[in-house]
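Data block below; observations after.
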There are 2 protein chains.
Amino acid sequence: MLRRLRYRAGMHSGRLVGRGGATLASLARELGVSRTTVSNAYNRPDQLSPALRERVMKAAERLGYAGPDPVARSLRTRKAGAIGLLLTEQVSYAFRDPAAVAFLEGLTLECDRAGIGLLLVPASPDSDDVRSVTRAAVDGFVAYSMPEDDPFLAAMLARPVPTVISDQPATDAADLVGIDDRAAMRNMADHLISLGHKRIGVICMRLGRDQHNGVVDERRQEGAGYHVQRNRLAGLRDGFEAAGVAWDRIPVVERFDHSIAAGASAAGQVLELDPGITALVATSDVLAMGAIGELRRRHKRVPQDISVTGFDGVKAALDAGVTTVSQPVTAKGREAGRLLLDPAVRHRARQVMLPTTFVAGTSTAPHHG
Amino acid sequence: MLRRLRYRAGMHSGRLVGRGGATLASLARELGVSRTTVSNAYNRPDQLSPALRERVMKAAERLGYAGPDPVARSLRTRKAGAIGLLLTEQVSYAFRDPAAVAFLEGLTLECDRAGIGLLLVPASPDSDDVRSVTRAAVDGFVAYSMPEDDPFLAAMLARPVPTVISDQPATDAADLVGIDDRAAMRNMADHLISLGHKRIGVICMRLGRDQHNGVVDERRQEGAGYHVQRNRLAGLRDGFEAAGVAWDRIPVVERFDHSIAAGASAAGQVLELDPGITALVATSDVLAMGAIGELRRRHKRVPQDISVTGFDGVKAALDAGVTTVSQPVTAKGREAGRLLLDPAVRHRARQVMLPTTFVAGTSTAPHHG
DNA sequence: GTGATTCTGGAAAGCGCTTTCCAAGCCGCT
DNA sequence: AGCGGCTTGGAAAGCGCTTTCCAGAATCAC
């Protein structure tokens with residue numbers, strides 16, 4: 001293995017110096033100066049005369065030396081120059097989820113500003129091999145919407161670097177940025193109740209790491225590893241129970257996948273469980289949009305026959321007039337970045353709660369029963 | 001600064017051992033075994049008895065040791081476990097561009113599979129400080145759609161690690177994945193000509209690092225640093241000149257920003273330059289969609305009065321029925337990942353050209369002049 | 001019981017770099 | 001001419017880890 005590596009390195013650099021690449025030391029030897037001097041040429045140009053610096057740079061170019069090795073530099077300075085990001089799913093999946101992309105946009109905004117790299121850490125959900133986390137060379141971590149019992153999350157929290165989590169339950173080991181999912185959803189429940197809806201159905205995103213698709217009992221609701229979903233369901237329950245609606249009569253259907261198709265199929269299942277519902281609550285806009293499509297396919301009018309609500313405030317849903325809760329996803333990413341990278345912020349707050357906005361759309365209407 | 005770092009580390013680990021964290025060596029000392037043994041406990045469990053390994057792990061937990069330091073490990077093994085990605089723009093901008101997101105999806109798919117991290121390297125376009133590139137601890141690089149004369153690109157190519165570029169001109173220093181932009185656009189030109197269009201306008205994305213908005217002369221077209229745009233224009237020219245249309249009479253308008261709004265304003269400008277055009281060619285779908293909006297706002301019917309074409313095949317454009325060239329952006333990302341990470345592929349090809357598909361939509365129609 | 005074989009764990013040699021002193025050399029000033 | 005202060009560049013001490021030997025202990029076959 002080592003041998004192969006060397007061979008490759010040799011192949012790539014063309015010029016063989018030592019192991020296949022010039023080092024700061026070999027450059028120094030070549031020039032008859034000390035390593036210090038070469039290092040200074042790169043890192044502290046004011047520490048040597050311009051002439052000498054120029055000589056060093058010339059020699060570097062001649063020998064194909066592209067500057068101090070980043071890893072060795074990091075070891076010495078104890079700075080990696082990057083932060084790691086851990087996501088719910090395989091990284092590639094995140095790029096299909098508009099909310100995750102918006103979060104990334106916000107986070108990278110801060111990384112750009114600080115000149116810090118963002119390392120997307122691969123975390124395969126069907127493996128417990130957390131080495132990708134323990135071996136990530138980073139100065140800090142951000143975790144976005146990970147389930148509580150995730151082994152990658154645990155490995156991350158064990159690392160002795162600052163950490164920020166978002167859309168997850170608070171923990172002493174990390175700073176937090178989030179929204180009040182429960183209150184926002186309670187608000188949504190009140191909206192539906194004020195419209196006269198008492199017989200509703202619910203569709204939600206995955207509640208745990210296990211792949212479950214179908215009806216959710218109360219035990220699963222309360223034990224859900226996904227904090228966000230658990231809180232949204234709880235907020236809904238708060239509202240409906242306060243209005244005297246028995247929660248255990250309300251069908252709640254879970255889907256592991258988060259997609260239009262999953263929303264459609266979940267809506268179908270809810271309708272089979274209780275064809276008499278007058279409103280359907282989805283815990284995300286994507287699911288809501290899927291549900292609306294399915295209802296129309298079944299010749300139910302939205303909102304005249306059935307009201308539908310979403311959550312998140314993604315552009316497509318707002319454009320489609322879905323009644324939803326708009327949350328500042330990009331801002332969440334930014335705040336996470338700030339909490340990690342901006343010393344001023346870092347000293348002030350360890351917890352940032354962002355506001356949400358209720359958006360009354362055209363997918364809900366009064367029920368006259 | 002160093003002092004502060006130490007202080008912080010101390011704060012976080014709670015328990016001060018040496019510099020604020022246990023090391024493999026301190027653990028070994030504590031246990032009265034050698035460093036080798038502790039290292040083996042983590043990296044080669046088969047090299048020691050389960051009992052001893054257990055003892056090591058217990059002690060590690062007790063001392064808050066989260067495993068071997070990733071940076072030191074990387075230095076020793078000469079592997080960073082990550083590849084770097086360099087993008088046209090600030091990283092945050094990429095997340096607003098559907099094509100870049102699709103590319104990222106494909107690339108991360110391969111990274112996930114290989115268990116390799118993806119480091120998003122910050123490259124501020126208005127700075128020439130390439131240290132973010134020279135200091136990135138990575139085993140390889142991918143560059144996506146960078147202009148030829150970009151200093152970050154140059155710094156990347158100077159590094160002695162394997163590199164793959166996409167949507168850029170070929171270079172000896174890197175492997176390549178791309179499409180034949182010129183041929184695809186030539187195809188589009190032929191389509192318009194077969195419909196009878198001879199008087200057209202063109203809007204294109206940025207052609208260079210300098211912020212230019214407005215009419216593009218031939219010199220700028222041919223000297224464009226953005227290879228992709230240059231080739232698309234060249235393909236268009238090929239087609240129209242072959243049909244006997246003088247290229248220098250065709251207005252070409254450039255926009256630095258890539259957005260719906262930019263497409264709209266560029267379309268407006270073209271119309272002012274030549275109100276008699278019967279077709280408008282955009283070099284991207286985003287610009288095309290902006291243009292269509294603007295034309296409708298000006299009470300031009302598309303396609304009856306003016307035909308419009310795009311390029312890329314992004315979902316929104318396909319849904320809207322834009323005549324375009326669909327290119328496999330996600331596949332480009334995957335191929336870039338494979339070229340870098342899959343030794344088998346790596347040995348076979350150094351250059352991958354992917355096919356494009358012409359998509360006849362409803363935004364083009366025959367011109368009866 | 002003896003020699004051969006396998007296991008287990010240790011010693012040592014760096015990986016390539018930064019940075020803190022420190023020692024000359026040099027200049028201008030009196 | 002002599003002194004103080006400034007500039008320039010070098011020596012050395014690690015940063016924390018992996019891995020290749022290698023030696024001693026334990027096991028086994030006969």
Side-chain angles (χ1 to χ4, degrees), chain A residues 1-3 5-6 9 17-29 31-53 55-56 60 63 65-81 131 134-135 137 139 159-160, chain B residues 1-3 5-6 9 17-29 31-56 60 63 65-81 134-135 137 139 159-160:
Chain A
M1 190 57 206
L2 182 61
R3 187 143 319 154
L5 208 66
R6 293 192 174 183
V17 179
R19 208 206 62 270
T23 70
L24 188 143
S26 73
L27 229 186
R29 212 178 312 122
L31 282 164
V33 303
S34 79
R35 303 208 294 286
T36 311
T37 303
V38 180
S39 174
N40 282 337
Y42 282 93
N43 300 315
R44 317 167 76 171
D46 54 309
Q47 294 294 300
L48 34 51
S49 60
L52 180 55
R53 184 178 133 96
R55 240 182 90 215
V56 172
L63 267 64
Y65 179 68
D69 180 281
V71 175
R73 182 169 207 286
S74 283
L75 176 60
R76 186 56 237 244
T77 59
R78 315 212 52 69
K79 266 182 182 325
R131 280 180 302 182
T134 49
R135 292 185 178 176
D139 300 322
R159 295 258 321 243
Chain B
M1 189 57 204
L2 183 63
R3 189 143 317 153
L5 206 66
R6 294 190 175 185
V17 179
R19 206 208 63 271
T23 70
L24 188 143
S26 72
L27 229 187
R29 211 178 314 120
L31 282 164
V33 301
S34 79
R35 302 210 295 288
T36 311
T37 302
V38 179
S39 174
N40 281 338
Y42 283 93
N43 300 315
R44 316 166 75 169
D46 54 311
Q47 295 293 302
L48 35 51
S49 59
L52 181 55
R53 185 177 134 94
E54 194 49 36
R55 238 182 92 214
V56 172
L63 266 66
Y65 179 68
D69 181 282
V71 175
R73 182 170 206 285
S74 283
L75 176 60
R76 185 58 237 245
T77 58
R78 314 215 49 70
K79 268 181 180 323
T134 50
R135 292 185 176 175
D139 300 321
R159 295 263 317 248

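Residue numbering restarts at 1 for every chain, and letters A, B, ... go by the order of the sequence lines. Note that the coordinates shown come from a computational prediction; the quantities given were computed from them, not determined experimentally.
- Residue B:Leu52 contributes atom CG, which lies 5 Å from atom P of C:dG9 at whole-angstrom precision.
- Spacing between atom CG of B:Asp69 and atom P of D:dC15 amounts to 12 Å, rounded to whole angstrom units.
- Residue B:Arg35 has no polar side-chain atom (N or O) positioned under 4.0 Å from OP1 or OP2 of C:dA12.
- Across D:dG16, C:dG10, C:dC17, the shortest atom-to-atom separation from the side chain of B:Thr36 is found for C:dG10.
- Checked against D:dC17, C:dA11, D:dT18, the side chain of B:Ser39 finds its nearest nucleotide in D:dT18.
- At the heavy-atom level, B:Ser49 lies under 4.0 Å from the strands shown only through sugar-phosphate atoms.
- Protein atom CZ of B:Arg55 is 9 Å distant from nucleotide atom P of C:dG9, rounded to whole Å.
- Residue B:Val71 is out of contact with every strand shown, counting any heavy-atom pair closer than 4.0 Å.
- With rounding to whole Å, B:Gln47 atom CD is found 13 Å from D:dC21 atom C1'.
- With hydrogens and angles ignored, no donor-acceptor pair closer than 3.5 Å exists between the side chain of A:Thr77 and the base of C:dT19.
- Comparing D:dC15, C:dT18, D:dG9 by their nearest atom to the side chain of A:Leu24 picks out C:dT18.
- For the atom pair B:Ser26 OG and B:Leu31 CG, the distance stands at 9.5 Å (nearest 0.5 Å).
- The interatomic distance linking A:Leu48 (CG) with C:dT19 (P) rounds to 14 Å, in whole Å.
- Comparing D:dC17, C:dC17, D:dG9 by their nearest atom to the side chain of A:Arg76 picks out C:dC17.
- Two residues, B:Asp46 and A:Asn43, neighbour DNA chain C, and the one matched to the more 5' nucleotide by heavy-atom proximity is B:Asp46.
- Using a 4.0 Å heavy-atom distance criterion, B:Thr37 is classed as a sugar-phosphate-only contact.
- Here D:dC17 presents its C1' atom at 14 Å from CZ of B:Arg29, a figure rounded to the nearest Å.
- Checking D:dT19, C:dA11, D:dG10 against the side-chain heavy atoms of B:Arg44 singles out D:dT19 as nearest.
- Note on B:Tyr42: nothing from the nucleic acid sits closer than 4.0 angstrom, heavy atoms only.
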